[in-house]
Each structure stands twice: as structure tokens, then as C-alpha cells.
A.B. asks: 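This is the structure I want to talk about, given as C-alpha cells.
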Amino acid sequence: MRLSKLFGKTQREIPAEADTASHRLLIRAGMIHQLAAGVYSYLPLAWRVLKNIEAIIRDEMDKAGGQELSMPVLQPVELWQKTGRDASFGKGLFSLSDRRERQLVLGPTHEEVITDLVSRNAQSYRDLPLLLYQIQTKFRDEPRPRGGLIRVREFTMKDLYSFDTDKEGLDQSYKKMLNAYRNIFTRCGLPTMLVEADSGAIGGKESHEFMVIAESGEDEIIHCDSCKYEANAEKAESMKGRVDSGQPLPLEKVKTPGSYTIEEVSNFLKVPQSQTLKAVFYIADGELVFITIRGDLEVNEIKLKNILHCSELRIASEAEVIESGIIAGSASPVGLSGIKVIADDSITTGTNFVAGANKADTHLRNINYPRDFKIDLIANIALARAGEGCPRCNGKLLSTHGIEVGHVFKLGTFVSEKLGALYTDASGISRSIVMGCYGIGLGRLMAAVIEHSHDDKGIIWPPSIAPYQVYLCPLYLENPEVRTAAEKLYTELEAQGLEVLLDDRGESPGVKFNDADLLGIPIRVTISPRTLEKGSVEVKWRGEKKSKLVLLKEAAGRLKELIKR
RNA sequence: CGGGGUGUGGCGCAGCCUGGUUAGCGCGCAGCGUUUGGGACGCUGAGGUCGGAGGUUCAAAUCCUCUCACCCCGACCA
């Protein structure tokens with residue numbers, strides 16, 4: 001390809017709206033263009049990278065036994081109503097109606113469609129296991145697209161679904177996919193961390209995410225400094241530690257004028273925050289719930305949502321709290337009735353807690369569970385934080401940020417039950433198919449590669465996914481020898497099957513070198529009167545400082561070898 | 001949805017507070033010339049409904065009202 005003809009121009013200036021590295025570089029390299037919030041065009045360079053990523057993914061999926069197919073983006077909403085996931089996706093579902101006022105959605109994922117499809121085509125245990133996948137555009141009306149391609153509303157995703165007869169089969173499919181995913185990310189030059197994850201709106205039980213460590217990552221990863229424990233903060237657990245405060249003492253009322261927050265109460269009564277109980281109020285699908293948790297901890301809303309099995313969860317407004325007769329600032333589970341009370345299991349880690357008295361400016365000392373109050377549900381709903389103890393060993397938890405590039409779920413039979421996807425086992429009994437699902441976002445993967453591999457000059461593409469392999473960079477093109485040598489080498493390299501970008505522009509060396517660095521093509525080959533004097537060209541890897549001279553007549557062969565490596 | 005911010009040629013911005021001739025600057029783009037091993041220079045030129053609607057005024061990019069879009073911080077996910 002001749003650079004002068006390539007659609008898409010490099011930009012010198014940094015686009016104002018971009019503040020993550022990949023976003024800036026993708027725009028500056030002329031690879032993407034934003035049409036609307038979270039909606040992008042991919043220009044030829046980006047498209048080539050995506051195609052390369054796609055080829056790697058396809059290869060690994062096929063090797064793992066996957067069969068590629070293609071399903072509709074346009075889906076009847078009824079299918080989503082059957083699984084109830086129209087509610088769990090909520091406003092994230094792009095929906096529209098056709099001319100007959102039929103409600104349709106644009107597929108954000110394809111569990112429903114594929115399960116419906118499989119249920120009609122696989123009836124016997126002999127038809128299983130199955131691994132089916134597609135690489136296709138997904139639509140999700142994200143509340144807030146961000147970071148360029150990191151989070152968008154229309155994106156290409158590889159989604160594979162596994163169908164097995166039982167849990168053991170699912171475990172095997174899951175393992176195959178974990179392995180394939182590791183291969184994919186490695187081949188894309190991306191180091192990843194496999195973390196335990198929450199399954200969110202997709203549903204299901206066990207779930208893992210592949211994370212790329214990056215400052216700009218949206219996810220917080222909690223991991224142990226001494227064992228292998230790694231989890232998304234949404235899911236992470238921690239040792240809460242015991243609060244040793246002796247034998248239960250009798251309840252005692254204390255006046256606490258002006259003290260409302262945990263900090264104020266703890267200062268006023270001179271007790272550590274871990275010796276208090278915090279009250280937090282949420283509205284779960286319209287119903288007010290009372291949450292109590294040790295004062296030094298925070299509620300993990302994801303965990304809370306999961307145990308409440310609700311689709312919408314938000315902090316209650318002050319008005320809503322007051323309306324339900326609770327004294328904000330002095331709220332307490334003690335003596336409360338008519339409201340659902342959920343407690344974090346941290347309330348059992350100590351004795352003689354301080355909490356509100358449900359009476360203005362008054363708190364209670366020496367509250368003990370279960371002596372003094374009842375709750376509807378006790379569970380681990382606390383946010384794990386760096387510095388706390390590892391739940392698996394004696395280590396300390398650390399925190400980093402990451403970009404989620406892949407997510408795998410053990411779905412189980414949730415979807416197949418709802419959609420009646422059954423198979424007949426060897427003894428003739430009808431059973432639900434056991435499912436798993438596995439996704440990779442291609443654009444996000446491309447962005448993550450850039451986040452991981454760039455410098456202040458530009459992108460550094462791993463050769464496996466680079467849009468071109470060689471940046472052929474002749475200087476002083478008006479010099480006939482340079483021009484002839486460049487054209488000849490260009491032809492030879494292309495004949496060798498190499499992907500070459502020829503910078504045939506009449507730009508100055510500085511401009512050409514800077515663009516070469518920005519575009520991040522793995523190998524730069526410079527031809528100038530200076531190199532030709534020695535019958536040579538200059539070869540330089542994008543990621544390295546030094547270059548070396550290669551004889552012009554050997555150049556094509558040598559480059560072919562380099563690329564192979 | 002809550003909070004913060006921005007909309008002015010393809011890109012980055014100034015002008016707005018304190019209304020007043022042809023709306024500027026840099027990059028980029030086109031032409032010519034001189035240059036050029038890490039983003040050269042000169043000359044010439046093209047390109048703008050000042051996000052949109054309404055209003056105030058003799059006069060609006062500038063003031064007022066409404067509205068739309070986009071970005072950033074939080075609740076969602078590949």
C-alpha cells in the first residue's frame with residue numbers, strides 16, 4: 001500500500017476529547033473516527049488490525065473445536081422476556097419496533113438466540129458437547145461510553161457458547177476456552193491476568209475475566225501479595241478481622257447530639273469505626289431495604305444486588321428514608337420492623353457495637369447480634385479493599401486497575417431451562433443442557449494492546465496484529481536512485497507476500513519518521529542516498545533504538561526472515 | 001440519571017465577561033519556489049449556517065430562555 005493513497009491521515013495535534021493513550025493514538029494515527037457517543041468508524045489501518053485479531057481468534061476457536069456461525073442482530077423482545085433478561089439488561093438494550101409495532105432489540109449478546117437455535121437442533125446427548133461461536137457486531141446502550149474504543153455502544157465481539165450434558169462437560173469446555181483465550185492474548189502480545197468475576201446481567205455462577213493491567217482500566221482488581229488469589233473488586237472477598245471487645249454488655253442509650261455519620265459518632269463516643277454499625281438504605285426494584293454493616297466497611301453493591309436478586313438497585317434518597325419513618329443519622333436495626341434488613345457478616349465479627357437508636361440524637365452502645373436485633377438475611381456484602389487480609393492465605397490484598405478484554409461464564413442451566421433447551425440422556429431421560437458463554441471484544445482488545453504497547457511517539461504494534469509488517473521509508477524521493485530502489489524493493493517485498501506500507505510522500509525525513517513511529521509498523525526500512533552509497537538500506541524495529549544496515553540486494557530475503565520470526 | 005465541563009473552517013484554540021465594520025491564530029489542505037536523516041521556510045490561495053431554535057437590541061459568536069450534541073467523574077460491561 002502506498003501511504004499517499006491510504007485513506008486516513010495522521011494528526012499532529014492531540015484530540016481534545018481523548019485522554020487515554022489508546023484513544024489519542026488511534027485518532028492521531030487516523031485509524032478511527034467517532035460518529036456519535038460510543039459509535040466509531042474504523043478506517044483501513046484499524047480495520048486491518050481488527051481483521052488480524054479476528055483471524056487469531058478464529059484460529060484458536062477452531063482449534064478448540066468451535067464451529068463458526070452467524071446469528072441475527074435483530075431479535076424479537078419476546079425471546080428476552082422468556083429469560084427475564086430484558087429486565088436485567090434494562091435500558092442497556094437497544095430496542096425498536098417494526099412497522100407492525102413488533103418490539104425488537106438489537107442483540108447485546110446471543111444466549112437467547114443460540115439457545116433457541118440449539119434447542120431445535122440438538123436433542124440427544126449424542127449431539128453434545130457443542131461449541132458454537134460468531135464474530136459479530138453487538139449493541140449495548142451503555143450509560144457512559146468512554147476511553148475511545150475501551151467502552152462503546154456498538155462493537156464487534158467474538159461470542160462462543162458451549163453446550164454440555166453435565167457440569168463435568170461444562171468444566172471441560174470451560175477449560176478449553178480458558179486455554180484458547182490464553183493463546184489468543186499471548187498471540188496478540190498481551191499479558192493478561194485471570195481474575196474471578198461477578199457474572200452480572202449475563203447470569204450464571206462461576207465467571208472469570210481476562211484483565212490487562214493498565215492505569216486507564218475501568219476495573220479494580222484485588223489480588224493477594226503472596227498467593228494466586230486474583231479477583232475483580234466487584235467480586236473480591238477479604239478477611240474482615242475480628243473486633244475483640246469482650247463479653248456482651250447490657251444495651252445502653254447515649255445522647256449523641258450533632259453526630260450523624262460514622263466518623264462523627266466514632267469520634268464523639270471515642271470508639272473505633274470498626275466498633276460501630278453503619279446503616280445504609282437502598283431501593284431494590286422499588287422496595288426500601290435496610291443494610292447494616294460494620295462501620296469501617298463499605299457495601300459492595302454488586303454483591304448486594306446478587307443476594308437481593310433484583311434488577312435495579314440504587315441508594316435511597318433522604319426523602320425516601322424519612323418517608324419510611326427512619327431517623328436518618330440515628331438509624332438502627334434494633335427495634336426496627338416492617339422493613340427488610342440485610343446484614344453484612346461483619347456484624348458477627350465482634351461484640352458491643354455502637355449503632356443508632358432510631359431516635360434523634362441518640363445512639364445505642366453494646367449492641368450484639370443476634371441478642372438485640374433480627375435480620376432477614378446475613379451475607380458477605382462488603383467491598384474488599386487493598387490492605388485487608390487475603391481470604392485464601394495469610395497474605396495482604398493489593399489493588400490495581402485493568403481492562404477487561406475477555407470474560408467467560410459458567411452459565412449452567414439458567415437459560416436452557418427458561419427456553420426449554422433439553423436433551424435426552426443415555427437412559428432416555430430429558431435434561432436441561434448445561435451452558436457456558438465466552439466473549440472477547442475485538443475493538444477493546446485492539447485498544448488494550450495500544451495501552452500496553454506504546455511510547456510517547458506512538459503505537460508499537462506486535463507483529464502478529466500490525467496493520468502492515470514493513471514501513472518502507474525512502475528519503476529524498478526526487479533522487480532517481482532512491483525512487484528506483486524503493487519501488488523495486490517495494491515490489492520484491494510484496495512479491496514475497498509481505499505487507500508493506502510505502503511512504504511515497506514527498507515529505508521531509510522528520511515527518512516520515514514521526515509518522516512511522518506513530519503508526520507503529522514493526523519494521524521500518526529507510527532508503528536514502530546515504531544508505532545507497534553503501535548499497536544498503538537501514539532496517540529498524542519500531543520498539544528498538546538501534547538500526548542496522550542491510551545490503552539492498554539481500555533486503556527482501558532478510559526482511560522475509562525477520563518477519564517470520 | 002446525578003455532578004462537572006465544552007460546542008467557533010478537517011484538527012487544536014482565541015474572541016464572549018464589557019454586543020459595533022470584511023470572525024482571528026496555529027496545524028492541516030491547494031499552487032509555486034527554496035529546503036529536508038527526527039514534525040523546514042517564504043509567497044499565494046481555498047475553506048466558517050460561530051451546535052440548533054426562540055428572544056432582547058438599531059446591531060448578537062458575544063446578553064437572556066429553551067434545546068441538542070459531545071467530553072470528564074460516579075451507578076453498567078467485551
Side-chain angles (χ1 to χ4, degrees), chain A residues 8-20 23 27-28 30 33-39 53 57 88-93 108-109 135-160 181 197-202 207 209-212 217-219 232 234 282 301-302 304-305 311-315 317 403-409 437-448 457-458 473-479 482 506-518 524 526-531 538 540 547:
Chain A
K9 282 207 158 47
T10 57
Q11 275 175 217
R12 230 176 261 213
E13 298 197 66
I14 298 162
E17 79 272 15
D19 60 1
T20 54
H23 192 193
I27 291 177
R28 286 227 295 133
H33 185 262
Q34 185 179 14
L35 182 65
V39 179
I53 292 173
I57 292 176
S88 46
F89 263 91
K91 287 181 178 165
L93 271 182
T109 175
I135 297 172
Q136 179 227 42
T137 305
K138 299 282 187 273
F139 294 86
R140 293 181 188 178
D141 196 358
E142 296 289 344
R144 185 157 90 84
R146 72 179 105 185
L149 297 188
I150 299 290
R151 183 178 207 76
V152 291
R153 298 193 297 167
E154 174 180 334
F155 60 102
T156 307
M157 176 165 131
K158 184 287 301 174
D159 45 325
L160 183 142
Y181 272 39
D198 178 72
S199 48
I202 306 288
S207 165
E209 291 164 331
F210 283 84
M211 292 283 188
V212 175
E218 304 180 89
D219 290 276
N232 193 310
E234 294 174 355
Y282 282 90
E301 295 186 5
I302 307 270
L304 179 58
K305 200 170 166 180
S311 56
E312 213 178 319
L313 183 72
R314 60 176 173 84
I315 292 264
S317 69
I403 302 169
E404 177 193 345
V405 289
H407 200 162
V408 296
F409 303 82
C437 66
Y438 315 83
I440 295 179
L442 305 224
R444 183 185 281 180
L445 175 53
M446 174 168 73
K457 287 289 193 178
C473 187
L475 307 179
Y476 314 105
L477 267 174
E478 64 284 0
N479 178 318
V482 170
E507 294 289 350
S508 69
V511 172
K512 290 190 171 192
F513 289 151
N514 277 295
D515 276 345
D517 288 345
L518 176 58
R524 186 183 80 194
T526 309
I527 306 181
S528 71
R530 198 192 282 183
T531 66
E538 185 189 279
K540 179 185 167 296
S547 60

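In what follows, chains carry the letters A, B, and so on, assigned in the order in which the sequence lines appear, proteins first and then strands, with residues in each chain numbered from 1. Please read all numbers here as calculations on a predicted model, not as lab measurements.
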A.B. asks: Quick check on G74(B): is either OP1 or OP2 less than 4.0 Å from any side-chain nitrogen or oxygen of Arg144(A)?
C.D. replies: yes

A.B. asks: When the C1' atoms of C32(B) and A46(B) are compared, how many Å lie between them, rounded to an integer?
C.D. replies: 15 Å

A.B. asks: Nearest whole Å is fine: how far is C77(B) P from Glu301(A) CD?
C.D. replies: 13 Å

A.B. asks: Hey, does the side chain of Arg12(A) come within less than 4.0 Å of C11(B)'s phosphate (OP1/OP2), counting only N and O?
C.D. replies: no

A.B. asks: Using the side-chain heavy atoms of Lys9(A), tell me which of these nucleotides is nearest: G38(B), C29(B), A78(B).
C.D. replies: C29(B)

A.B. asks: Considering only atom P, compute the distance from C17(B) to C77(B) and round it to an integer number of Å.
C.D. replies: 47 Å

A.B. asks: Within the modelled atom types, does a donor on one side and an acceptor on the other bring the side chain of Arg444(A) and the base of C77(B) under 3.5 Å apart?
C.D. replies: yes

A.B. asks: If you take atom types as modelled and just measure distance, does the side chain of Arg524(A) reach the base of G38(B) with a donor-acceptor pair under 3.5 Å?
C.D. replies: yes

A.B. asks: Between the base of G28(B) and the side chain of Glu13(A), is there a donor and acceptor pair under 3.5 angstrom?
C.D. replies: no

A.B. asks: What about Gln11(A), does its side chain sit under 3.5 Å from the base of G10(B) through a donor-acceptor pair?
C.D. replies: no

A.B. asks: Once rounded to the nearest 0.5 Å, what's the spacing between atom NE2 of His407(A) and atom OG1 of Thr109(A)?
C.D. replies: 11.5 Å

A.B. asks: OP1 or OP2 of U36(B) versus the side-chain N and O atoms of Tyr476(A): is any pair under 4.0 Å?
C.D. replies: no

A.B. asks: When you measure from the side chain of Tyr181(A) to the backbone N and O of Tyr438(A), does any donor-acceptor pair fall under 3.5 Å?
C.D. replies: yes

A.B. asks: Strictly distance-based, threshold 3.5 Å: is any side-chain N or O of Ser207(A) a donor or acceptor partner for the main-chain N or O of Val408(A)?
C.D. replies: yes

A.B. asks: For Watson-Crick and G-U wobble pairs within 3.5 Å on both distances, what is RNA chain B written in dot-bracket notation, | included for inter-strand pairing?
C.D. replies: ((((((((.[[[[.)....(...]]]].((((((.....)))))).....[[[[[..)....]]]]])))))))....

A.B. asks: Counting distance only, does the side-chain N/O of Arg153(A) pair as donor-acceptor with the main-chain N or O of Arg140(A) below 3.5 Å?
C.D. replies: no

A.B. asks: Considering only atom P, compute the distance from G19(B) to A60(B) and round it to an integer number of Å.
C.D. replies: 13 Å

A.B. asks: Between the side chains of Gln136(A) and Lys138(A), is a donor N or O closer than 3.5 angstrom to an acceptor N or O?
C.D. replies: yes

A.B. asks: On the nucleotide A40(B), are OP1 or OP2 found under 4.0 Å from the side-chain N or O atoms that Ser508(A) carries?
C.D. replies: yes

A.B. asks: Between Gly443(A) and Ala18(A), which has a closest nucleotide on RNA chain B that is more 5'?
C.D. replies: Ala18(A)

A.B. asks: So, OP1 or OP2 of C77(B): does either fall under 4.0 Å of a side-chain N or O from Arg153(A)?
C.D. replies: no

